[in-house]
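Reminder, nothing fancy here: chain letters follow the sequence lines and each chain counts from 1.
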2 protein chains.
Amino acid sequence: MIELSKAEFEVLDALWLNHPATASQIIERLSDDKQWHEKTIKTLLGRLVKKGALSFKKDGRQYIYTPCMERAEYTLKESQNFIERFFSGRIAPLVSGFAKSEQLSQQDINELKKVIDDWEKQQK
Amino acid sequence: MIELSKAEFEVLDALWLNHPATASQIIERLSDDKQWHEKTIKTLLGRLVKKGALSFKKDGRQYIYTPCMERAEYTLKESQNFIERFFSGRIAPLVSGFAKSEQLSQQDINELKKVIDDWEKQQK
DNA sequence: AACTTAAGATTACACCTGTAATCAAACTTT
DNA sequence: AAAGTTTGATTACAGGTGTAATCTTAAGTT
């Protein structure tokens with residue numbers, strides 16, 4: 001699995017929002033939430049390319065970046081990894097931990113029920 | 001939140017298994033799964049103490065370590081953090097991602113149902 | 001009391017990360 | 001054509017991390 005740092009992920013996330021995109025578009029998007037210097041984001045883009053998370057095409061002197069994988073694919077792998085490390089690969093204990101500490105809302109419960117429902121339909 | 005590295009967490013996890021415990025007991029426990037050198041584990045114990053994740057009492061020339069927090073408490077915080085970063089704080093999309101990629105077993109589903117059930121009883 | 005360990009403390013060192021600044025080359029503007 | 005600007009490339013640098021080796025010193029042994 002490609003290992004991304006927190007900051008790298010956030011840059012990639014800005015690209016996932018809408019891609020392909022140039023560095024300046026990504027910088028623009030991130031400027032709302034982050035106080036990152038433009039140079040910082042360029043560095044992170046370079047590291048993402050080096051790690052194989054992004055590819056790019058040249059357009060004049062700019063690069064046009066595209067993610068090398070989909071967000072869902074990446075977050076699934078991260079999730080599996082996380083759940084493996086902290087909960088021996090089982091997902092219910094994570095949810096249970098949330099429930100016990102009052103972290104679940106009625107909406108979360110409804111969404112979870114729907115996920116279960118869909119899964120069961122899928123099965124039959 | 002105390003930030004622990006992967007390796008640090010695994011050492012702490014070995015302590016959570018049964019505590020308090022001495023360094024050599026922890027080293028013994030880890031020897032099954034990990035090829036870590038004894039010195040490595042000692043280093044990690046030191047870092048855990050420095051970070052405030054462990055405390056210890058002296059017993060002769062040994063230290064007897066105790067975790068400063070419970071596993072469930074730590075994993076809950078990590079989980080919140082994780083879900084915030086990757087799923088904007090909502091838990092269902094994580095579960096949904098697993099479902100879509102056939103990562104859920106009937107057992108997982110049953111466990112999840114139970115969590116939901118318990119939550120609903122709790123509510124009333 | 002002197003000698004030998006073994007436990008923790010200190011030091012090591014390369015790679016990763018966050019966070020840029022500087023450099024070099026190409027494109028724009030005057 | 002010269003100068004300025006903007007882009008990516010290279011360099012920087014401190015703190016974290018994985019992975020130990022070496023140093024100190026108190027405890028155990030003879």
Query - F87(B) and F82(B) aromatic ring geometry - parallel, tilted or perpendicular at 30°/60° bounds - result: tilted

Query raised in the report: K51(A) NZ to dC15(C) P: how many Å, rounded?
Result: 14 Å

Report summary line: In whole angstroms, the gap separating C1' of dG18(C) from CG of L30(A) amounts to 14 Å

**Report entry** Base dT5(C) to side chain R61(B), donor-acceptor N/O within 3.5 Å cut-off
**Finding:** yes

Query raised in the report: Between S24(B) and L4(A), which is nearer to the 5' end of DNA chain C once each is assigned its nearest nucleotide?
Result: S24(B)

Requested in this report: Answer yes or no: does a side-chain N or O of T22(B) lie under 4.0 Å from OP1 or OP2 of dA7(C)?
Outcome: no

Report task. Find the distance Y63(B):OH to dA6(C):C1' and express it as a whole number of Å. Result -> 13 Å

Query - Contact under 4.0 Å: S5(A) side-chain N or O vs dG18(C) OP1/OP2 - result: yes

Requested in this report: Give a yes or no answer on whether the side chain of W16(B) reaches the backbone of M69(B) with a donor-acceptor pair at less than 3.5 Å.
Outcome: yes

**Report entry** Distance in angstrom units between D59(B) CG and dG8(C) P, rounded
**Finding:** 10 Å

Query - I26(A) CD1 to dT7(D) P, straight-line distance once rounded to whole Å - result: 13 Å

Query raised in the report: Under 4.0 Å between a side-chain N/O of W36(B) and OP1 or OP2 of dG18(D), yes or no?
Result: no

Report summary line: I41(B) atom CD1 is separated from dG18(D) atom C1', nearest whole Å, by 12 Å

Report task. Give me the ring orientation class for Y74(A) and F9(A): parallel if the planes are under 30° apart, tilted from 30 to 60°, perpendicular past 60°. Result -> parallel

Requested in this report: Report yes if at least one side-chain N or O of K50(B) is closer than 4.0 Å to OP1 or OP2 of dT17(D); otherwise report no.
Outcome: no

Query - Check: R47(A) side chain, dT10(D) base, donor-acceptor under 3.5 Å - result: no

Requested in this report: Can you figure out which of dA21(C), dG8(C), dG8(D) approaches the side chain of Q62(A) most closely?
Outcome: dG8(D)

Report task. Kindly say whether F86(B) contributes a backbone atom to a donor-acceptor pair with the side chain of R71(A) at under 3.5 angstrom? Result -> yes

Requested in this report: Select from H37(A) and E8(A) the residue whose nearest nucleotide in DNA chain C is closer to the 5' end of that strand.
Outcome: E8(A)

Query - dA20(C) OP1/OP2 closer than 4.0 Å to side-chain N/O of T40(A) - result: yes

Query raised in the report: Expressed in angstrom and rounded to an integer, what is the separation of L45(B) atom CG from dA20(D) atom C1'?
Result: 14 Å

Report task. Return no unless some side-chain N or O of K42(B) is found under 4.0 Å from OP1 or OP2 of dG8(C). Result -> yes

Query raised in the report: How long is the line joining CD of E38(A) and C1' of dA21(C), in whole Å?
Result: 11 Å

Query - Q103(A) (side chain) donor-acceptor with S101(A) (main chain) under 3.5 angstrom - result: yes

Query raised in the report: Nearest to the side chain of K39(A) - dG18(C), dT17(D), dC23(C)?
Result: dC23(C)

